Amino acid sequence: MATLNSSFISNQTLPFPSPTNLPSHFRALRRRQLVPIRMSLPDNSNSNSSTDPITSLTRLLWGRALPPQPLISAVRSTWSATWLLMMRQLAPSSSSGSYSRPPGLFPSVPSLYHSSPQTPNATDSLHLYVGLPCPWAHRTLIVRALKNLKEHLPVSIAAPGSDGSWEFHSGPTDGSVLVAGPDKANRKKNLREVYRMRRGGYDGRSTVPMLWDVKRKEVVCNESYGIIEFLNSGFAAGSGPDLCPVQLRGEIERWNQVIYPAVNNGVYRCGFAQSQEAYDTAVNELFTTLDKLESHLSTNRYLCGDTLTLSDVCLFTTLIRFDLVYNVLFKCTKRKIIEYPNLYAYTRDIYQMPKVAETCNFEAIMDGYYRTLFPLNPGGIRPIMPLVCQYESLSKPHGREVLSLKSKQLQLSPQ
């Protein structure tokens, strides 16, 4: 990023503007009939601005008044055009300005990787790539943890680079805390290089999560739901709860069709909207759906009753980021999740499940959004973490066990 420097400013020779627009000490110089001068910064030894050449320059040009209206209009027009250009590259949109998420080019895991007692080694060559800020990648980390696959599926964690691409960090990690580290499978500098290793190359978006075949040098899947379905049922070594029971699959799919467009992708449709109309549509759908979920969860512990499912995992990774990021940065400001008693308790319920909390790195999440999405936060300033998103608040009793007890009592009561 280019910066102004005082030697550059002080070596410029400029003609005088009109006397009425000059600060008083320069009008005095003008009266003494000085010719165009070498510009020098005013000596404000008692002010912090003396070390800030930009502030000094603006004081010199306009005093303490606002910049002239033509300059404001020109800068605003230039910034708006640049913002729109960057947003269309970052977040492809429809003609109405509504964000349209590009589909993954590798949406499902091929059947040859599904292990069974007869083919127990089918998954041995798989490696998972994730980024901690990403809610889609977070899904895979949670299912990997709940299914006890840590020892069977190695993972490499990338972090957003200055250009928004996923980069790996050098240096060892102890594995006890999920942080960005090196590429453990291919020793590459960034995820783009990994994608380009596949046969035939690759020129699409290098997204996370991504399941990689180390032996074949091939992308197996880069669609989050395809990966979590596979992690739930495709590993013979997997244990833990079945997150997609046969008897609930129809209900799970119905919930997915509700929460994906309006909530999971809905927050992005708000944040990446490129017109007021697109934003209004997205934000109304988002909060209408959150209201419905709040009502449903008043009598159900999870989306499908007493059973935690893949749908809950998908909803959780958006809810845990809502007050932390989406409420502010994505303009989802009508209400916070803390203002929904059932949704907030539901979020705490899942967060407190064994191994889930350790997949949540809130510092990395905030950095990944506030310091990377330049078009949405040009200054790169990261706000302080809300108290309701900190471990102490999320670890408070949620009381949702009562809903499971009531459900069991109803099932046992005579009809």
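Computed from a prediction, not measured in an experiment: that's the story for all the values here.
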Does atom CD of Glu339 have more than 12 heavy-atom neighbours from other groups under 6.0 Å away? yes
query: Is a side-chain donor-acceptor pair under 3.5 Å present for Tyr129 with Asn222?
result: no
In short, Leu146 meets Pro354 closest at the heavy-atom pair CD2-O, 4.0 Å
Original post:
Counting only N and O atoms by type, is there a donor-acceptor contact under 3.5 Å from the side chain of Tyr202 to the main-chain atoms of Arg205?
Top reply: yes
Query raised in the report: Within the distance-only criterion (no hydrogens, no angle test), does the side chain of Glu223 pair as donor or acceptor with the backbone N or O of Gly104 below 3.5 angstrom?
Result: yes
ask   = Counting only N and O atoms by type, is there a donor-acceptor contact under 3.5 Å from the side chain of Arg321 to the main-chain atoms of Pro133?
value = yes
SG (Cys360) and CD1 (Ile142) are apart, to the nearest 0.5 Å, by 6.0 Å
Of all heavy-atom pairs linking Val109 and Cys221, the shortest is CG2-CB, 3.7 Å
Rounding to 0.5 Å, atoms CG (Leu211) and CG (Leu126) come to a distance of 5.0 Å
- Message: Donor-acceptor pair, distance only, cut-off 3.5 Å: does the side chain of Asn361 make one with the backbone of Ile365?
- Response: no
In terms of heavy-atom contacts, Met385 and Glu363 come closest through CE-OE2, 3.6 Å
*asked:* For the backbone of Asp280 and the side chain of Asn284, can you confirm whether one donor and one acceptor N or O come within less than 3.5 Å of each other?
replied: yes
query = Does any N or O in the side chain of Arg348 come within less than 3.5 Å of the main-chain N or O of Pro397, such that one atom is a donor and the other an acceptor?
reply = yes
So CG of Leu132 and OG1 of Thr359: to nearest 0.5 Å the spacing works out to 9.0 Å
Before we go on, tell me: are the rings of Tyr369 and Tyr326 under 6.0 Å apart, centre to centre? yes
To the nearest 0.5 Å, atom CZ of Arg144 lies from atom CG of Asn232 at 15.5 Å
Is Ser115 reaching over with its side chain to a backbone N or O of Ala236, donor-acceptor style, under 3.5 angstrom? yes
Taking every heavy atom of Ala137 against every heavy atom of Val208, the minimum-distance pair comes out as CB-CG2, 4.2 Å
Quiz item: Is Arg187 paired with Asp183 through a side-chain N to carboxylate O contact shorter than 4.0 Å?
Solution: no
Review point. Hey, does the side chain of Arg139 reach the backbone of Ile228 with a donor-acceptor pair shorter than 3.5 angstrom?
Key: no
Checklist entry - Can you list the steps and then say if Arg400 with Tyr302 is a side chain to side chain contact (heavy atoms under 4.5 Å, CB included)? => result CA-CA 9 Å; Arg400 294 187 62 78; Tyr302 305 113; over 6 Å; no
Practice prompt. Evaluate the salt bridge (Lys or Arg N to Asp or Glu O under 4.0 Å) criterion for residues Glu294 and Arg335: first the C-alpha distance (whole Å), next the side-chain angles of each, then the deciding distance (0.1 Å), finally the verdict.
Written response: CA-CA 12 Å; Glu294 172 72 6; Arg335 293 175 75 180; over 6 Å; no
ask   = Is the number of heavy atoms from other residues, nucleotides or ligands within 6.0 Å of CD1 (Ile381) greater than 12?
value = no
Exercise for review: With side chain to side chain donor-acceptor pair (under 3.5 Å) as the test, would you mind laying out the steps for Ser298 and Asn342 before giving the verdict?
Suggested key: CA-CA 6 Å; Ser298 67; Asn342 296 312; 4.6 Å; no
In this structure, SG of Cys332 is separated from CG of Leu286 (nearest 0.5 Å) by 5.0 Å
Result for ring-ring contact (aromatic ring centres under 6.0 Å, His included) between Phe330 and one of Phe322, Tyr99, Phe272 points to Phe272
* Are a donor atom and an acceptor atom from the side chains of Thr318 and Asn264 found within less than 3.5 Å of each other? -> yes
Any donor-acceptor pair under 3.5 Å from Thr281 side chain to Glu277 backbone:
yes
Strictly by modelled atom types, are Thr123 and His152 linked by a side-chain donor-acceptor pair under 3.5 Å?
no
### Query
Does the side chain of Tyr346 come under 3.5 Å of the side chain of Tyr340 through a donor N or O and an acceptor N or O?
no
Which of Leu297, Asp349, Leu394 passes side-chain contact (heavy atoms from CB on, under 4.5 Å) with Tyr344? Answer is Leu394
Using the benzene-type ring in the case of Trp, are the ring centres of His114 and Phe230 under 6.0 Å apart? yes
Heavy-atom nearest pair, Pro386 first then Leu324, reads CD-CD1, 3.9 Å
Separation between CG (Asp312) and CH2 (Trp255), nearest 0.5 Å, reads 9.5 Å
Q) Would Lys331 and Cys270 satisfy side chain to side chain contact (heavy atoms under 4.5 Å, CB included), going step by step from the backbone distance to the final call? A) CA-CA 7 Å; Lys331 308 180 188 72; Cys270 293; 5.7 Å; no
(message) Looking at Arg301 and Glu401, is there a salt bridge between them, counting it only when a charged N and a carboxylate O are closer than 4.0 Å?
(response) no
Worksheet item: Do the side-chain N and O atoms of Asp291 and Thr288 include a donor-acceptor pair separated by under 3.5 angstrom?
Response: no
Query raised in the report: Between Tyr225 and Trp136, is a side chain to side chain contact (heavy atoms under 4.5 Å, CB included) present by the stated rule, with each step listed?
Result: CA-CA 8 Å; Tyr225 201 80; Trp136 318 100; over 6 Å; no
Residue pairs meeting salt bridge (charged side-chain N to carboxylate O under 4.0 Å, His left out), one or both in residues 208-220, sequence neighbours left out, come to Arg198-Glu218, Asp213-Arg216
Over 12 non-hydrogen atoms of neighbours within 6.0 angstrom of CG in Asp203: no
Show me the donor-acceptor pairs, under 3.5 Å and distance only, between side chains in residues 65-76 and residues at least two apart or in other chains.
| residue | atom | partner | partner atom | Å |
| --- | --- | --- | --- | --- |
| Gln69 | NE2 | Ser73 | OG | 3.0 |
| Ser73 | OG | Gln69 | O | 3.2 |

For Met210 and Val219, the nearest pair of non-hydrogen atoms, with its separation, is CG-CG1, 3.9 Å
Ignoring hydrogens and geometry beyond distance, is a side-chain donor-acceptor pair present between Ser98 and Ser96 at under 3.5 Å? no
Check: So, Ser165 side chain and Gly161 main chain: donor-acceptor pair closer than 3.5 Å or not?
Finding: no
